[in-house]
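To keep things clear, I will list the structure first and then write my remarks on it.
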Amino acid sequence: INAEYMGKAGALMAIGILNCGIRNEFDPALALLTDYLENKTRDTRVAAIIGMGLAYAGTRRENISELLLPMVADTDTPLDVCVFAGLALGLVFVGTCNENITEVLTTALIERGEKEAQVSDPLMRFLCLALGLLFLGQQENSEAALVAVSTLNPKISKYCEMTVKTCSYAGTGNIQQIKELMKVLVEKIEKEPEAQHQSVSVMGIGLVAMGEILGTDMSKRTFEHILQYGDPVMRRAIPLALSLVSVSNPQLIVLDTLGKLTHDPDVETSLNAILALGLVGAGTNNARIANMLRQLANYYAKEANHLFLVRVAQGLLFMGKGLLTLNPFHSDRKLMNKTAVAGLLVVLHACLDIKGLILGKYHFLLYYLVCAIAPRMMVTVNESLDPIQVSVRVGQSVDTVALPGRPKTITGFQTHNSPVLLQHLDRAELATDKFKAHVSVLEDIVILEKNPESKEEAP
């Protein structure tokens, strides 16, 4: 491996990471990465494609599809180039049901499915995921794609079908779909490679339920049953499913379960549980998780793979020194950021074959988490966008649906001066009537204007 090529590949990926979630009228990422999309060195080419996918995730830019579609459609393209180009398209057009891209991805799955060497490659799961991302949260709109997927090579058809179905109902809390997914888990399959779709089904339960609190609690109970009675393939997906329903929200029940699974006799389950601890505590600086990870670092001191993931989990725990989050829900947890969910799903699907991908030569898949990284502080600015300090009450949010009058929206609050950090279930409200906000939910950057009806004097 030429170190110079690797350095260049890393720089190209870094350009994508730097531009992820940023809108720039000059399009620096497009200008810098386009020349490398047809590079002769495969590592450089793959890095440029991943960088392009990260930089324009969720933007629905047609000029990006014109650059990447030919790579997916061409059967002579190396598998890794085809897969990462497909994944980049899935990220850019997440939740759009784009017919043209759907057709190209389905054709690629059919053609590559005829080649025995390629259909067994762990990377093929990402072509399935790319198709699923196009229908993220679109519910019944994926039915035509599901019919097409059922004609694929039997080795990948069930995996692909389950991926598209779980993505379609992501964050909806649809009880009927959760029942359907649980029926899949009842099947008894002897050969492990043929049961891979069951692990997607377990993760899918978490993905569908992650939208609301009650469904999340019920799904945790389901996971406990699967841990007791499920096959190893299902058990490996449990830490990933738990991390999905509790991302950046460390709860005692989840931490206890993951703590036990980090010492599981099945190596892959323990590896997944260690990474899941990082995802559950991402950006929270949680002392309990920090202590667990320090103990795991000592326990697995001679196990290189486990130690690597412990270090990754520690990095995630202290992400942005506690100022960032991976939580894909915003606006008081009512809206789901599809791009953030897409980034999490790429990493979690990679963890279903953690030894072949994350611990193999595709460790850079962890960088897809960048799509989900967002600040968790609340900053107040005036109409000129200059930061201003305002008295703010922060407390646990209260469900006020169907309550008469003007009930309190938060409980057990503390009064701080902005900027303030918000935990997963926290809600903020202004403690002064000098200003009024332009938005109903106080999160991220809040623009305030002077309240003309105020009885207090504004500074």
Taking the six-membered ring for Trp, are F364 and F84 parallel (under 30°), tilted (30 to 60°) or perpendicular (over 60°)? tilted

Search all heavy atoms of [X] against all heavy atoms of [Y] and return the closest pair with its distance.
| X | Y | result |
| --- | --- | --- |
| R376 | G322 | NH2-O, 3.0 Å |
| M124 | I156 | CE-CD1, 3.8 Å |
| K338 | G95 | NZ-O, 4.1 Å |
| A9 | D43 | CB-O, 3.8 Å |
| Q196 | V233 | CA-CG1, 4.4 Å |
| C128 | L109 | SG-CD2, 4.0 Å |

So does [Y] get a backbone contact from the side chain of [X], meaning a donor-acceptor N/O pair under 3.5 Å?
| X | Y | answer |
| --- | --- | --- |
| Y169 | Q176 | no |
| T257 | I253 | yes |
| S219 | G206 | no |
| E268 | P232 | no |
| T222 | M218 | yes |
| R311 | F308 | no |
| E212 | G215 | yes |
| T77 | C82 | no |
| T166 | T163 | yes |
| Q198 | V184 | yes |

Any side-chain heavy atom of [X] sitting closer than 4.5 Å to one from [Y]?
| X | Y | result |
| --- | --- | --- |
| I15 | Y36 | no |
| N141 | S168 | no |
| H349 | L240 | no |
| I49 | L37 | yes |
| N19 | P28 | yes |
| N153 | R112 | no |
| E180 | V208 | no |
| L87 | L133 | yes |

Under 3.5 Å, is there a donor-acceptor pair between the N286 and R288 side chains? no

H424 side chain to N327 side chain, donor-acceptor N/O pair below 3.5 angstrom: yes

Let me know which of V247, L207, L244 forms a side-chain contact (heavy atoms from CB on, under 4.5 Å) with V341. L207

Rounded to the nearest 0.5 Å, what separates atom [atom1] in [X] from atom [atom2] in [Y]?
| X | Y | atom1 | atom2 | result |
| --- | --- | --- | --- | --- |
| L152 | E111 | CG | CD | 11.5 Å |
| L345 | L91 | CG | CG | 10.0 Å |
| C20 | Y368 | SG | OH | 11.0 Å |
| I373 | L316 | CD1 | CG | 8.0 Å |
| L134 | S142 | CG | OG | 11.0 Å |
| D27 | Y56 | CG | OH | 3.5 Å |

In this structure, are over 12 heavy atoms from other groups packed under 6.0 Å from [X] atom [atom1]?
| X | atom1 | value |
| --- | --- | --- |
| Y367 | OH | no |
| E190 | CD | no |
| L323 | CG | yes |
| E187 | CD | yes |
| K115 | NZ | yes |
| E99 | CD | no |
| I175 | CD1 | no |

Can you check whether Y299 and H263 have ring centres sitting under 6.0 Å from each other? yes

Is there a side-chain contact (heavy atoms from CB on, under 4.5 Å) between V441 and V439? Walk through the geometry before answering. CA-CA 6 Å; V441 179; V439 287; 5.8 Å; no

For N337 and F329, what are the C-alpha separation, side-chain angles and deciding distance, and is it a side-chain contact (heavy atoms from CB on, under 4.5 Å)? CA-CA 6 Å; N337 182 344; F329 289 90; over 6 Å; no

Does the pair D80/R45 count as a salt bridge with the N-to-O cut at 4.0 Å? no

Check against side-chain contact (heavy atoms from CB on, under 4.5 Å), L352 and N272: CA-CA 8 Å; L352 293 178; N272 284 342; 5.7 Å; no

Carefully, step by step, assess E161 and K158 under the rule salt bridge (Lys or Arg N to Asp or Glu O under 4.0 Å). CA-CA 5 Å; E161 188 180 339; K158 280 188 176 179; over 6 Å; no

Chi angles and distances behind the salt bridge (Lys or Arg N to Asp or Glu O under 4.0 Å) call for D264, R235: CA-CA 10 Å; D264 198 89; R235 294 181 85 253; 3.2 Å; yes

Between V254 and N249, does a side-chain contact (heavy atoms from CB on, under 4.5 Å) hold up when you go through it step by step? CA-CA 9 Å; V254 175; N249 178 25; over 6 Å; no

